[in-house]
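Working notes, structure below.
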Amino acid sequence: MMDSAQTEPGTAVLVTARDSTPNLIDGIAFAKLYGEPLFQMPNDLYIPPDALEVFLEAFEGPLDLLLYLIRKQNFNILDIPLAQVTAQYLQYVDQIRERNLELAAEYLLMAAMLIEIKSRMLLPQRKSNQSDDGNDPRAELVRRLLEYEQIKLAAQEIDALPQLGRDYVTSHVMVAQSLAPRWPDVNVIDLQAALLGVIRRATLTARHTITRQALSVREHMSGILRRLQSAGFVEFADLFEPTQGVPVIIVNFIAMLELAKDNLIEITQAEALAPIYVRLAYGNIVVSTDICDEV
């Protein structure tokens, strides 16, 4: 952008305005100031010392910090070098006291305990108690550290387990149920047991006369259809006459199976181990009447 300014009559001077467009067009802006991208760090930028703070470790309490200092330097937890650990612990406490006094209060209590144990270890022990291991001032602290470590490891193992809502969710499926009753299918074993019961009753009245009898399956099919048209639901055993003998019962049963195969009748059962009933199939009443007339 250029502006023209006259200094003397008849003389024109071209003045070039300063361009604010950054030289690095294709670069990546590292910040925005009032909506405008910044490609270079301003020379007069002031950053307070406490503006940026980075905490590399986060501890859940004094025992967690103390256990971290011991495990980080591979110290034996049963023989803690208390002077070195206390110095490192107090250094961390001094850092958090400057920023959060309420958080440092809990850590200060543990620091006081460490200083007390350290001072007790510097005192000379009585000769009668030199061989007594229970007089070690660090024993109570070691016990608390071991219990805390066990609980912390157990919590990490529990946290590693799959959790509902974090690692997986439950699915809910709506199943539309029909209001029409659905009768259970008749088992072949139940049908066989019903036939054996009819045959057993037939053998009680069987005669020992041997005769040759011509039996027609079609005739028995027509008889069953006529019986069902007049009665509707008929129990399985009522379709057989035990007094007519086993051959008639067998032919009658074959006729019933043929009708069921042609979907002219339905063999139903209300529930398991319930009586078996036979009825005409819906929609086949006219067809069954034609079969009766044809026979």
Side-chain angles (χ1 to χ4, degrees), residues 27-33 38-170:
I28 299 176
F30 62 88
K32 283 187 177 182
L33 181 61
L38 292 179
F39 296 93
Q40 296 179 358
M41 182 71 69
N43 296 327
D44 57 348
L45 180 63
Y46 171 72
I47 301 177
D50 297 336
L52 299 176
E53 294 181 1
V54 179
F55 291 90
L56 297 180
E57 293 86 14
F59 303 104
E60 298 179 358
L63 289 176
D64 195 18
L65 172 59
L66 193 59
L67 185 63
Y68 169 77
L69 295 175
I70 294 173
R71 294 306 186 191
K72 181 180 179 181
Q73 302 174 82
N74 295 325
F75 291 150
N76 185 6
I77 196 171
L78 300 178
D79 189 14
I80 305 173
L82 208 59
Q84 185 176 355
V85 173
T86 304
Q88 297 175 1
Y89 185 91
L90 292 176
Q91 183 180 2
Y92 179 82
V93 172
D94 290 338
Q95 295 178 4
I96 61 175
R97 283 181 62 186
E98 298 176 357
R99 300 171 179 85
N100 192 342
L101 186 60
E102 295 181 359
L103 180 62
E106 187 177 1
Y107 290 84
L108 287 173
L109 181 62
M110 178 60 69
M113 181 179 178
L114 292 175
I115 295 174
E116 179 189 1
I117 296 174
K118 180 181 177 181
S119 60
R120 288 173 59 187
M121 293 182 64
L122 295 176
L123 295 175
Q125 299 180 357
R126 297 180 182 180
K127 294 183 179 180
S128 59
N129 295 333
Q130 287 181 355
S131 61
D132 189 7
D133 296 335
N135 197 32
D136 190 353
R138 301 170 297 181
E140 178 65 19
L141 179 62
V142 170
R143 183 188 64 81
R144 292 177 58 184
L145 286 173
L146 291 175
E147 291 179 355
Y148 176 79
E149 187 177 24
Q150 291 178 357
I151 295 175
K152 184 177 181 180
L153 293 176
Q156 292 176 356
E157 293 179 358
I158 294 175
D159 186 67
L161 298 176
Q163 296 184 13
L164 178 63
R166 186 192 67 178
D167 301 318
Y168 65 94
V169 294
T170 57

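Contact of the T86 side chain with the I117 side chain is not registered, since no non-hydrogen atoms from C-beta on lie closer than 4.5 Å. With a 4.5 Å cut-off on side-chain heavy atoms, L69 and Q84 do not count as touching. Annotation: side chain of E60 is in contact with side chain of Y148 (closest heavy-atom distance under 4.5 Å).
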Exercise for the section: Using the salt bridge (charged side-chain N to carboxylate O under 4.0 Å, His left out) rule, take E149 and R71 through it: C-alpha gap first, then chi angles, then the decisive distance, then the call. Expected result: CA-CA 11 Å; E149 187 177 24; R71 294 306 186 191; 2.7 Å; yes

Exercise for the section: Check step by step if salt bridge (charged side-chain N to carboxylate O under 4.0 Å, His left out) holds for R143 and E140. Expected result: CA-CA 5 Å; R143 183 188 64 81; E140 178 65 19; 2.3 Å; yes

Problem - Residue pair I80, L66: steps toward the side-chain contact (heavy atoms from CB on, under 4.5 Å) verdict - result: CA-CA 11 Å; I80 305 173; L66 193 59; 5.9 Å; no

Exercise for the section: Assess whether side-chain contact (heavy atoms from CB on, under 4.5 Å) is satisfied between M113 and R144, documenting all intermediate values. Expected result: CA-CA 13 Å; M113 181 179 178; R144 292 177 58 184; 3.6 Å; yes

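With rounding to the nearest 0.5 Å, the separation of CG in L63 from CD in E147 is 10.0 Å. Taking CG of L141 as the reference point, atom CG of L146 lies at 9.5 Å (rounded to 0.5 Å). Taking CG from L114 and NZ from K118, the interatomic distance works out to 10.0 Å, rounded to the nearest 0.5 Å.
Here the closest heavy-atom approach between residue L145 and residue I77 is recorded as CB-CD1, 3.8 Å.
In this structure a side-chain-to-backbone donor-acceptor pair under 3.5 Å is missing from Y107 to Y89.
By the neighbour-count criterion of 12 heavy atoms within 6.0 Å, atom CD of Q163 is densely surrounded, having more than that number from other residues, nucleotides or ligands.
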